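To keep things clear, I will list the structure first and then write my remarks on it.
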Number of protein chains: 2
Amino acid sequence: MAVARQDQFNSMDYSDPMVNRILDAAEQCIHRFGIRRTALGEVARVGKLSRGSIYRYFDDKAALVQGVFWRRQEFYLNQTEAALVKLPTLVDKVTHSVVSGRKDMAQGIFASLAETEPETVAMMFLESKFYQRSVSFWPPHVRLAQEAGEISEAVDVAVATDFIMRLAVSLVTFPDMGLSLKSRKGIRAYLDQVITRGLG
Amino acid sequence: MAVARQDQFNSMDYSDPMVNRILDAAEQCIHRFGIRRTALGEVARVGKLSRGSIYRYFDDKAALVQGVFWRRQEFYLNQTEAALVKLPTLVDKVTHSVVSGRKDMAQGIFASLAETEPETVAMMFLESKFYQRSVSFWPPHVRLAQEAGEISEAVDVAVATDFIMRLAVSLVTFPDMGLSLKSRKGIRAYLDQVITRGLG
DNA sequence: AAATGTACAAAAAATGATTATTGTTCATTG
DNA sequence: CAATGAACAATAATCATTTTTTGTACATTT
C-alpha cells in the first residue's frame, strides 16, 4: 500500500514535499497531454524523481490522477472559502461560489482536459463523490445565516446545505436551463428569489 | 437533405410509419449493441428495410441516433405529462417527475447505453439541449399553481420554470448531494420546503 | 413517388504484430 | 530509511494493414 493513501475519510498529506512534487509534475503532464497520454515515466522525468517514488506514494496511475484533481479542487475550495467569509449574506456567498466555480472550471487542468478528453470530465461531473468535499464547506455558512435571521432556524442545516449545493452545481454546470443566467447580477437576483423566498 | 429533418423548432414526424420503423429498429440495435457497434446495415436488416431509406429520412448516423433519443424522451415526457395533469399541486408534480425520471433513466435504452457507453450518456446529460424539451412542459403548470395560490403570482414564470427544472434535473441525476433523497416521501417533503417556502 | 438495391470512394473500425507503459520486486545509493 | 534505478512479466498503446461501414448516386422495383 502506498504512503499517501487517500480515501473519503483520510485525506492526502499536502505538507509532504514529495507528494507535492509528484502532484505538480503529474498536473503539468495532464495539463499538457491529457490523462491517457501521460506516462508515469514522463511524470518522473518532469518532477525529476524516480518512477519508484511515485508508486511509493500512490497505489497506481488512477490514484495519482485522482490525487491531482483532489488537490486542485481543495485549492479552489479554500480560495473560494477565503472569499466567502468576507461576504455578508448567504445569497452573496452562493452567488460568488457560482461565479468563481464557473471561472475555475474554465481554467487550468479542468479546461484543458475538457478539450482533450471531454468524456472523462463529463464522468467526473456526474459522480456525486466529486461534490462531497464542497458539501462540507457549507454548514457553517448556513448556521451563520440562520443566526443572522437571513434564513429560518426551522430548516434543517443538512437540507439547506443540500439545496444550496444543488443550486450551485446546477448553475455552474448549466448557464442556461430555460433562463439564461450569465451575469453576476442576474445570478444574484435569481438566487435571492429562490433561496430567501422560494416560489411561495 | 433528409425528409425527417429535425431541429429545435421543427420536430420529427412520429406519425410517419416509415420514420417509426426506422427508429424502432435503430433503438433495438442501440439497446442491444450500443451506438458504436450498430451499423446502419444492421438497422436496415432488423427493420426489414433498405439502407437507402434510412438515409432518405435521416441525414446521417448521428441524426438517426439523436432521433431515437428524442423520440424516447418525447414518449417519457408525454407519459409523465399525462400523470401530472391529475396531480393537485406543483410540489406533487415535481415529486412525480423526479421519481418517474429516475425510473425512466434506469430502464431501457438509457440504462443499457449507460452500461456499454457511460461516457456517451454522461455527455448527453451535460448538454443543456437535452433538457430543452422538458423545459417547455412546465410553464402551464407554473401558471396553474399561481392561479391556485400555491405559489406567488409575482414570480416570473420563466424563473419558476428554470428553478423547477434545475431541482428536477439535480434530483434525478444525484440521489445524494449530502442529503440522501431516495423515497418519494423524502423527496416530496424536501421539494415542499424549497419550492413553497425556500429557506427564508 | 417512395422504397429498394447496387456500386462506389472516403472514412472508420477490426485485426494482428510491435513497441511502450504499468505495476512489482529488489539490490544499491545517499 | 527514503529514494533510486534496473529487471521483469503483464497490460496497454501504437501502427500499418485489412475489412467494414458510411454517405452518395443512381438505375430498378413496387
Side-chain angles (χ1 to χ4, degrees), chain A residues 1-6 12-68 113 116-120 123, chain B residues 1-6 12-68 113 116-120 123:
Chain A
M1 193 45 130
V3 172
R5 68 172 167 286
Q6 35 181 320
M12 218 176 341
D13 181 11
Y14 298 122
S15 65
D16 187 328
M18 203 63 182
V19 167
N20 277 299
R21 233 170 97 207
I22 296 170
L23 290 176
D24 285 344
E27 180 162 350
Q28 204 180 312
C29 289
I30 294 172
H31 188 272
R32 287 205 299 222
F33 314 123
I35 294 170
R36 227 184 354 239
R37 290 178 197 285
T38 63
L40 296 199
E42 179 67 15
V43 173
R45 209 171 308 133
V46 169
K48 283 166 184 158
L49 40 85
S50 71
R51 217 164 55 85
S53 294
I54 297 176
Y55 279 102
R56 187 175 155 68
Y57 286 89
F58 297 91
D59 283 343
D60 51 26
K61 184 177 173 179
L64 173 61
V65 170
Q66 192 173 64
V68 167
L113 198 64
T116 53
E117 295 166 50
E119 324 77 20
T120 307
M123 291 292 284
Chain B
M1 191 45 123
V3 172
R5 70 169 167 288
Q6 32 180 321
M12 219 179 338
D13 182 12
Y14 298 120
S15 63
D16 187 328
M18 201 64 182
V19 167
N20 277 298
R21 231 170 96 207
I22 296 170
L23 290 176
D24 285 343
E27 182 163 348
Q28 204 180 309
C29 290
I30 293 172
H31 188 272
R32 287 205 299 218
F33 314 124
I35 293 171
R36 227 180 357 233
R37 290 178 197 284
T38 63
L40 296 199
E42 180 66 14
V43 174
R45 209 172 308 132
V46 169
K48 282 166 185 158
L49 41 85
S50 70
R51 218 164 56 86
S53 294
I54 297 176
Y55 279 103
R56 187 174 156 69
Y57 286 90
F58 297 91
D59 283 343
D60 52 24
K61 185 177 171 178
L64 173 61
V65 170
Q66 192 172 65
V68 166
L113 198 64
T116 54
E117 295 167 50
E119 324 77 21
T120 307
M123 291 293 283

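What you see is a predicted model, and the numbers here were worked out from it, not measured in a lab. Protein chains get the first letters and strands the later ones, always in sequence-line order, with residue 1 at the start of each. Keep in mind that the numbers below use all heavy atoms, side chains included, and drop hydrogens, waters and symmetry copies.
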Dump the intermediate steps for side-chain contact (heavy atoms from CB on, under 4.5 Å) on B:R36 and B:T116, then the final yes or no.
CA-CA 9 Å; B:R36 227 180 357 233; B:T116 54; over 6 Å; no
Residues which pass side-chain contact (heavy atoms from CB on, under 4.5 Å) with A:R32, listed by chain and number, not counting sequence neighbours:
A:Q28, A:V46
Working for side-chain contact (heavy atoms from CB on, under 4.5 Å), residues A:Y57 and A:L23:
CA-CA 10 Å; A:Y57 286 89; A:L23 290 176; over 6 Å; no
Could you state the atom-to-atom distance from CG of B:L40 to C1' of D:dT24 in whole Å?
13 Å
Range on DNA chain C touched by chain A - first to last nucleotide, heavy-atom distance under 4.0 Å:
C:dT21 to C:dT24
Excluding sequence neighbours, so at least two apart, what forms side-chain contact (heavy atoms from CB on, under 4.5 Å) with B:D60?
B:A62, B:A63
Looking only at side-chain N and O atoms, does A:Y57 come under 4.0 Å of OP1 or OP2 in D:dA3?
yes
Nucleotide D:dT24, atom C1' - distance to OH of B:Y55 in whole Å:
9 Å
Using a 4.0 Å heavy-atom cut-off to protein, can you give one letter per nucleotide of nucleotides 4-14 of chain D, 5' to 3': B if the base is in contact, S if only the sugar-phosphate is, - if neither?
B--B------S
Considering residues at least two apart in sequence or located in another chain, which fulfil the salt bridge (charged side-chain N to carboxylate O under 4.0 Å, His left out) criterion with A:R45?
A:E42
Applying salt bridge (charged side-chain N to carboxylate O under 4.0 Å, His left out) to B:D24 and not counting sequence neighbours gives B:R71
Calculate, to the nearest 0.5 Å, the distance between atoms CG and CZ belonging to A:D16 and A:R21 respectively.
10.5 Å
Just how far is it from atom OG1 of A:T120 to atom CD1 of A:I30, taken to the nearest 0.5 Å?
10.5 Å
